[in-house]
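To start, the structure itself, in structure tokens.
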Number of protein chains: 2
Amino acid sequence: MGKPGTSERPTLTSDAGFLLARAGGKAIRSLNRALEPYRLRSRHYTVLMAVSERGGLSQRELGELLGIDPSAVVALIDDLSAAGFVRRDPHPEDRRTRLVMLTDAGRDAFTQATELAARMEDDLLAPLTPEERGTLVDLLRRITR
Amino acid sequence: MGKPGTSERPTLTSDAGFLLARAGGKAIRSLNRALEPYRLRSRHYTVLMAVSERGGLSQRELGELLGIDPSAVVALIDDLSAAGFVRRDPHPEDRRTRLVMLTDAGRDAFTQATELAARMEDDLLAPLTPEERGTLVDLLRRITR
DNA sequence: TATTGTTATACTCTATAACTATA
DNA sequence: TATAGTTATAGAGTATAACAATA
């Protein structure tokens with residue numbers, strides 16, 4: 001039986017950590033493949049998603065929101081900026097801070113990338129019913145906060 | 001409303017791919033931290049788990065089962081072999097193949113590592129009820145096959 | 001003193017190609 | 001010819017420390 005929480009012997013099909021890592025890796029790889037035409041990778045896509053959702057974030061806020069190291073944020077914004085998808089605007093009150101803004105081209109690219117991402121997510125979640133997909137998202141959201 | 005499968009606009013709290021990648025990364029990082037005393041990383045742990053579950057696998061089978069590239073399997077088995085946790089036994093009928101066997105020391109290490117892993121998994125899944133944990137494992141298993 | 005962004009760096013992970021020894 | 005394991009290597013991801021400008 002065992003006390004609650006101390007499982008007897010983990011197996012490949014019962015270990016939540018392994019299954020999470022495996023599913024996460026699969027999601028990243030398929031998204032990377034889907035975004036190849038745009039010369040973007042999944043990290044870039046999540047940045048566009050964040051900036052699209054809440055424009056005018058500082059790089060620090062962006063990194064915190066996405067769980068990305070500040071030094072990695074620099075490189076990502078460099079890429080997106082070179083592609084013309086985001087701008088670094090000065091913060092009106094703090095000259096250290098730079099606010100990341102989505103450009104019109106960035107909004108277009110994100111809209112198109114969203115189509116591809118949705119199709120790949122549909123593929124990934126194909127074995128699940130719509131209700132189960134909602135359940136999965138809810139459970140994942142609750143363990144990643 | 002929109003057709004099923006084509007979601008309107010993905011957000012950071014609704015995108016299954018992002019949430020999966022985030023949760024997977026979190027699981028890997030906490031397991032790595034938990035295994036530090038054993039000088040093992042999460043990949044080593046999953047190999048031990050696989051070999052413990054189904055002893056005598058070839059390296060190719062191991063890689064396939066775990067979704068690890070054959071060249072990476074070599075390095076992992078090198079590490080575990082140097083630590084005395086697994087052996088490479090000759091295949092009785094095919095001299096190309098090497099069967100990976102768990103040693104007694106490997107079984108002990110895995111048993112102890114399992115304790116740490118269970119505690120970290122318990123931490124990770126703390127926000128979920130036991131029933132929800134089961135649901136999560138079931139959903140993940142079905143999308144990673 | 002502390003914080004934002006940046007650079008440099010290192011280590012892990014992932015993936016590919018080429019080689020060897022066997023089949 | 002094809003396969004199992006191996007080596008070498010390169011690219012991406014992750015993390016740390018140190019620095020300049022600013023607060």
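Just so you know, these numbers come straight off a predicted model, no measurement behind them. Numbered from 1 within each chain, the chains take letters A, B, ... in sequence-line order.
Note on Arg88(A): a side-chain N or O is less than 4.0 Å away from OP1 or OP2 of dT6(C). Contact between the side-chain N/O atoms of Arg98(A) and the OP1/OP2 oxygens of dT6(C) is found at a separation under 4.0 Å.
Side-chain atoms of Val137(B) and Arg141(B), non-hydrogen and from C-beta on, do get closer than 4.5 Å to each other. The closest side-chain heavy-atom distance from Leu20(A) to Ile143(A) is below 4.5 Å. Between Val47(B) and Val73(B), the closest side-chain pair of non-hydrogen atoms is not below 4.5 Å. Side-chain atoms of Tyr45(A) and Leu40(A), non-hydrogen and from C-beta on, never get closer than 4.5 Å to each other.
One can place CG of Asp94(B) at 8 Å from C1' of dT3(D), the figure rounded to the nearest angstrom. Between the CG atom of Leu35(B) and the C1' atom of dT12(C) there is a distance of 15 Å, rounded to whole Å. Put simply, CG on Leu62(B) is 12 Å from P on dT6(D), counting in whole angstrom units. Rounding to whole angstrom units, CZ of residue Arg41(B) and P of dG13(D) are separated by 17 Å. Look at NE2 on His91(B): it is 16 Å from P on dT3(D), rounded to the nearest Å. To the nearest angstrom, C1' of dA20(D) lies 13 Å from CZ of Arg95(A). Between the CZ atom of Arg60(B) and the P atom of dT6(D) there is a distance of 14 Å, given to the nearest Å. For the pair Gln59(B) CD and dT3(D) C1', the interatomic distance rounds to 13 Å; values are reported in whole Å.
Of the residues near DNA chain D, Asp69(A) and Ile28(A), the one whose nearest nucleotide (by heavy atom distance) lies more toward the 5' end is Ile28(A). A residue-by-residue look at Glu93(B) and Val74(A) shows that Val74(A) has its nearest nucleotide of DNA chain C further toward the 5' end. Residue whose closest nucleotide on DNA chain C sits further toward the 5' end, between His44(B) and Pro70(A): Pro70(A).
Of the candidate nucleotides dA2(C), dA15(D), dC13(C), dA15(D) has the atom nearest to the side chain of Arg29(B).
For the pair Glu61(A) and Arg54(A), the salt-bridge criterion is not met [side-chain N within less than 4.0 Å of a carboxylate O].
Within 4.0 Å of Ser71(B), counting heavy atoms only, lies at least one base atom of the nucleic acid.
Counting atom types as modelled, Arg96(A) pairs a side-chain N or O with a base atom of dT3(C) as donor and acceptor under 3.5 Å.
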